[in-house]
J.: 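This is the structure I have questions about; it appears just below.
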Amino acid sequence: MARHLITSAIPYINGIKHLGNLVGSQLPADLFARYLRGRGHEVLFLCATDEHGTPAELAAAKAGKPVAEYCAEMWQVQKDLSDGFGLSFDHFGRSSSPQNHRLTQHFADRLHAAGLIEEVTEKQVYSNADGRFLPDRYIEGTCPNCGYEKARGDQCENCTMQLDPVDLIDPRSAISGSTDLEVRETRHLYLRQSQMRGKLSDWIGSKTDWPVLTTSIARKWLNDGDGLQDRGITRDLDWGIPVRHEDGSPWEGMEGKVFYVWFDAPIEYIACGAEWSEAQGLEAAAWERWWREDKGAGDVTYTQFMGKDNVPFHALSFPATLMGSGEPWKLVDYIKSFNYLNYDGGQFSTSQGRGVFMDQALDILPADYWRWWLLSHAPENSDAEFTWENFQMNVNKDLADVLGNFVSRVTKFCRSKYGLTVPEGGAPGPREEALIGRLATRIRGYEAHMDAIEVRKAAAALRAIWVEGNEYLQEAAPWATFKQDPETAAMQIRLALNLVRLYAVLSAPFIPDAAAAMLGAMNTDDDAWPDDVLAALSALPPGHGFEVPEVLFAKITDDAREDWQARFAGQRGA
RNA sequence: GGGCCUGUAGCUCAAUUGGUCAGAGCAGAGCGCUCAUAACGCUUUGGUUGGGGGUUCGAGUCCCUCCGGGCCUACCA
């Protein structure tokens, strides 16, 4: 039994996430967590909402609510959707939690003491009408290069030229449209990441088993141009973690400022552990044994899941924070990063409301349908594509025909010939031995893919295990056997009923609700992992009662598919 | 502009890291079965591996080049 700490990239508080966000971090993280728990390991699986930053303030303003209230409401919305998708977080926290305030201020103090924080005076654009400093991309104007009128302050999306806000002709606030802008001086804290370049480079260099996507992005940041750059970790905003010392005393010159969201967001992974232990009524030692090498985390394996856009912060900035503190914090052991899922020929887009969002997905189909399709098409090696036709065909074939129908034919056949108990009699022969041998090989292969977090390969391996059941039934043909030799047919169907339980256990990480329904129908709570396949296939003894379950997976009809296709083609309704 | 990823059968993806006739699933075709959600099983048709050149006994895999797709490029998160 090993100990596994798992975190999923924390979703931004602003709005409901789409299926691309889901499959890029939370869903595969949940798959891994459920699998490891199923194998009997000790798992702490954490996620939270990322609540600070300019977009949260603007969204709250748009909703006409105080930002704290807005975030609290949106946290509940996201929590409910997480539950709806069966995401099995041990705790779903908030980056605005008191625990994160304390820890973020703690890390800033430690980094300061280590000489890794410096004060920098810089010039930023201030909007008098909006009453706030504007991040570069919240400033719009005419591109000096190509004349495009809606160029952003960081880059012109028409000619792709890198810009500085002061380059723009007729600059205006992207929030209010106001042209009453001025350049003001402001002081900020910078994390001297450049000082840690060698240490980070050695550390990344030691991670030879990480996905190319992860290490190549990290190396690029380490080595490009002048190398890793220092990074501002504070902002002039109202909503966030105040720049103060851990003991509450003011940080001279930083009054009224907050920490930058990308400084405090990863620290929430740790704070979320603290939230978890408090929620459980446990002492601090409970979370520290996951996060502190000197307090029991020495044997913890820590795996992070995220989309590729998050890699620099997890592979460099956060480790710089942890290492720079001089304290023995647990560093990530494996970063699993994902590419993007596209929607029907283009990108999912939160701002344009394009694609299927988590709430809509659950409105039209059970979570397991989405979980299965998304995981079996996870964008591991390159961007993947969602189309309704592909979704319909795959789900119908894999879930309804291969798995669902197997459960249905086995349970109904048994009910009609032997009644609703596992039949007795008969003895396994060479055919059953061969089946068990094949299953054992396939199950070990499935485990290998899951251990390596090869999500798509694991899904294919699982499906092949399901297919074995149908092949066996076809060959054994208990409906024919029954006429000459009802004892042997009883053995065959007893085996098949045990396969239903076995499939429930193996499939639970992918399709937890259906797995639970299968175990329920088999009238058992024995969900032990089949380390010994032979033994696992006699878990349900003769005489054990069972039920014929409701249809596990109703098929998606052409009409429904066409309806959804049309409904989600345009913009998301207000 | 720079960096990285990617292009394999109609579709979604493999290919033990340079080693037998490039493999699966779906879709298509044929046959079988009838327990089952018109489901299942078996057989089978599809590929000059984006184009061109090179290295090698041997290239989907390595190098060059051209074409296409995508991501990142540090003050969105």
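Everything numeric in this text was worked out from a predicted model, so none of it was measured. Every chain is numbered from 1 and lettered A, B, ... according to where its sequence line falls, protein lines coming before strand lines.
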J.: Mind telling me whether B/U45 is syn or anti, cutoff 90° either side of 0?
T.: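 Anti, which is what one calls it when the glycosidic angle falls more than 90° from 0.
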J.: Rounding to an integer number of angstrom, what distance separates B/U43 and B/G7 when you compare their P atoms?
T.: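 About 30 Å, rounded to a whole number of Å.
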J.: So, under a plain 3.5 Å distance rule, would you say the side chain of A/N405 forms a donor-acceptor pair with the base of B/A39?
T.: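 For A/N405, whose side chain was compared with the base of B/A39, there is no donor-acceptor pair (under 3.5 Å).
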J.: Tell me what A/P478 touches on the nucleic acid: a base, only sugar-phosphate, or nothing, going by heavy atoms under 4.0 Å.
T.: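 Counting heavy atoms under 4.0 Å across all strands, no contact is made by A/P478.
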J.: Please state the P separation for the pair B/U49 and B/C31 - nearest whole angstrom.
T.: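 Rounded to whole Å, the distance is 34 Å.
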J.: Once you measure the plane-to-plane angle for A/W373 and A/F391, does it fall in the parallel (<30°), tilted (30-60°) or perpendicular (>60°) bin?
T.: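 Perpendicular.
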J.: Test of understanding: with ring-ring contact (aromatic ring centres under 6.0 Å, His included), list the residues that count as partners of A/F313, not counting sequence neighbours.
T.: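 Residues passing ring-ring contact (aromatic ring centres under 6.0 Å, His included) with A/F313: A/W262.
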J.: Which label fits A/W466 and A/W372: parallel for a plane angle under 30°, tilted from 30 to 60°, or perpendicular past 60°?
T.: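 Tilted: the ring planes of A/W466 and A/W372 meet at 30° to 60°.
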J.: Across the strands shown, which category fits A/T54 at heavy-atom distances under 4.0 angstrom: base, sugar-phosphate, nothing?
T.: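 Sugar-phosphate: the residue A/T54, judged by heavy atoms under 4.0 Å, touches backbone atoms but no base.
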J.: Nearest whole angstrom, please: distance from the C1' of B/G25 to the CG of A/D398.
T.: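 Roughly 8 Å, once rounded to whole Å.
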J.: Counting the atoms with a prime plus P, OP1 and OP2 as sugar-phosphate, which does A/K220 contact under 4.0 Å by heavy atoms, base, sugar-phosphate, or nothing?
T.: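 It contacts base atoms.
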J.: Send over the distance from A/L316 CG to B/U73 P, rounded to a whole Å.
T.: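 Interatomic distance, CG of A/L316 to P of B/U73: 13 Å.
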J.: What does A/G307 touch in the nucleic acid at a heavy-atom separation under 4.0 angstrom: a base, only the sugar-phosphate, or nothing?
T.: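 No contact.
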J.: Just checking A/V467: base, sugar-phosphate only, or nothing, at a heavy-atom cut-off of under 4.0 Å?
T.: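 Sugar-phosphate, backbone atoms only, no base.
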J.: Rounding to an integer number of Å, can you tell me how far A/E57 CD sits from B/A77 P?
T.: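 Distance, rounded to whole Å: 10 Å.
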J.: Whether A/K457 contacts B/A15 is assessed here as follows: a side-chain N or O lying under 4.0 Å from the phosphate OP1 or OP2. Is that the case?
T.: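 So the side chain of A/K457 is within the cut-off, an N or O lying under 4.0 Å from OP1 or OP2 of B/A15.
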J.: Could you check whether the side chain of A/W221 and the base of B/A74 have a donor-acceptor pair of N or O atoms closer than 3.5 Å, going by distance alone?
T.: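 No, no donor-acceptor pair under 3.5 Å.
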J.: Does A/R184 come within less than 4.0 Å of A/E182, counting only side-chain N to carboxylate O?
T.: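 Yes.
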J.: For atom P, what is the distance between B/U44 and B/U8, given to the nearest Å?
T.: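 Straight-line distance between the two P atoms is 25 Å.
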J.: Hey, does the side chain of A/R231 come within less than 4.0 Å of B/C75's phosphate (OP1/OP2), counting only N and O?
T.: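 True: A/R231 side-chain N/O within range (under 4.0 Å) of B/C75 OP1/OP2.
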J.: Would you mind telling me which of B/C72, B/A36, B/C76 lies closest to the side-chain atoms of A/P55?
T.: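 Of the candidates, B/C76 comes closest.
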J.: Taking the side chain as everything from C-beta on, heavy atoms only, tell me whether A/F553 gets closer than 4.5 Å to A/L365.
T.: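 Side chain of A/F553 against side chain of A/L365, heavy atoms only: no contact under 4.5 Å found.
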J.: What residues form a side-chain hydrogen bond (donor to acceptor under 3.5 Å, both in side chains) with A/N342, not counting sequence neighbours?
T.: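 side-chain hydrogen bond (donor to acceptor under 3.5 Å, both in side chains) check on A/N342 returns nothing, list empty.
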J.: For the pair made of CG in A/N470 and P in B/G41, what is the distance, rounded to whole Å?
T.: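 So the CG-P distance, A/N470 to B/G41, works out to 5 Å.
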J.: In whole angstrom, what separates A/E380's CD from B/C13's P?
T.: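 Going from A/E380 (CD) to B/C13 (P), I get 11 Å.
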J.: Residues two or more places apart in sequence or in another chain: which of them pass side-chain hydrogen bond (donor to acceptor under 3.5 Å, both in side chains) with A/R192?
T.: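 So A/R192 forms no side-chain hydrogen bond (donor to acceptor under 3.5 Å, both in side chains) with any residue.
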J.: Pick base, sugar-phosphate or nothing for A/V551, based on heavy-atom distances below 4.0 Å to the nucleic acid.
T.: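 Base contact - A/V551 has a heavy atom under 4.0 Å of at least one base atom.
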J.: Salt-bridged, A/K123 to A/E185, with N to O below 4.0 Å?
T.: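 Here A/K123 pairs with A/E185 in a salt bridge, since their nearest N and O are under 4.0 Å apart.
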J.: Between A/L228 and A/L237, which has a closest nucleotide on RNA chain B that is more 5'?
T.: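 Of the two residues, A/L228 wins.
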J.: Roughly how many Å apart are B/A22 and B/A9, using the P atom of each and rounding to a whole number?
T.: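 Result for the P pair: 14 Å, nearest Å.
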J.: Specify the separation, in whole Å, of atom CZ of A/R442 and atom C1' of B/A24.
T.: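 Result: 11 Å.
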J.: Using a distance-only test with no angle check, is there a side-chain donor-acceptor pair under 3.5 angstrom linking A/Q492 and A/E432?
T.: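 Side chains of A/Q492 and A/E432: no pair found under 3.5 Å.
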J.: If you measure from the Lys or Arg side-chain nitrogens to the Asp or Glu carboxylate oxygens, is any gap between A/D513 and A/R371 under 4.0 Å?
T.: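 No, A/D513 and A/R371 are not salt-bridged.
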J.: Can the ring centroids of A/F263 and A/F318 be said to lie less than 6.0 angstrom from one another?
T.: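 Distance test on ring centres: not under 6.0 Å, no.
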J.: Assign A/G53 to base, sugar-phosphate, or nothing according to its heavy-atom contacts below 4.0 angstrom with the strands shown.
T.: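 A/G53: backbone/sugar contact only, no base atoms under 4.0 Å.
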J.: If the threshold is 4.0 Å, N to carboxylate O, is there a salt bridge linking A/D154 and A/R152?
T.: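 Salt bridge between A/D154 and A/R152, a charged N being under 4.0 Å from a carboxylate O: yes.
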J.: Do any pairs count as a salt bridge (charged side-chain N to carboxylate O under 4.0 Å, His left out) and have a residue in residues 465-481 of chain A, sequence neighbours left out, and if so which ones?
T.: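 The answer is A/R431-A/E475, A/R438-A/E468, A/R442-A/E468.
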J.: Please work out which residues in residues 383-396 of chain A have a non-hydrogen atom less than 4.0 Å from an atom of RNA chain B and list them by number.
T.: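 By residue number: A/D383, A/A384, A/N390, A/M393.
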J.: Which value, in whole Å, describes the distance between the C1' atoms of nucleotides B/C72 and B/C26?
T.: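 Here B/C72 and B/C26 have their C1' atoms 34 Å from each other.
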J.: To the side chain of A/W262, which of B/A77, B/C76, B/C40 is closest?
T.: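 So the nucleotide nearest the side chain must be B/A77.
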J.: Want to know the stems of RNA chain B: at least 3 consecutive Watson-Crick or G-U pairs with distances under 3.5 Å, which are they?
T.: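 If one scans RNA chain B for consecutive Watson-Crick or G-U pairs, the stems found are B:1-7 with B:67-73, B:10-13 with B:23-26, B:28-32 with B:40-44, B:50-54 with B:62-66.
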J.: Syn or anti for B/G30, with syn set at within 90° of 0?
T.: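 Here the answer is anti: the torsion falls beyond 90° from 0.
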J.: Let me know the distance between CD of A/E471 and P of B/C33, rounded to the nearest Å.
T.: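 Nearest whole value for this atom pair: 18 Å.
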J.: Is there ring stacking between A/F413 and B/C35, where the centres must be under 5.5 angstrom apart and the planes under 30 degrees?
T.: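 The ring of A/F413 is not stacked on B/C35.
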J.: Describe the nucleic acid contact of A/E475 in one word from base, sugar-phosphate, nothing, applying a heavy-atom distance below 4.0 Å.
T.: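 No contact at all - A/E475 keeps every heavy atom at 4.0 Å or more from the nucleic acid.
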J.: Expressed as a whole number of Å, how far does the P atom of B/G18 sit from that of B/C63?
T.: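 Straight-line distance between the two P atoms is 11 Å.
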J.: In whole Å, what is the span from the CZ atom of A/R456 to the C1' atom of B/C13?
T.: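 About 6 Å, once rounded to whole Å.
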J.: Roughly how many Å apart are B/G28 and B/C11, using the P atom of each and rounding to a whole number?
T.: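 Going atom to atom, P in each nucleotide, I get 15 Å.
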J.: So what does A/F553 touch, heavy atoms closer than 4.0 Å: a base, only the sugar-phosphate, or nothing?
T.: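 Here A/F553 touches the bases of the nucleic acid.
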J.: Between B/U56 and B/G19, how many Å separate the two C1' atoms, rounded to a whole number?
T.: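 Approximately 12 Å lies between the C1' atom of B/U56 and that of B/G19.
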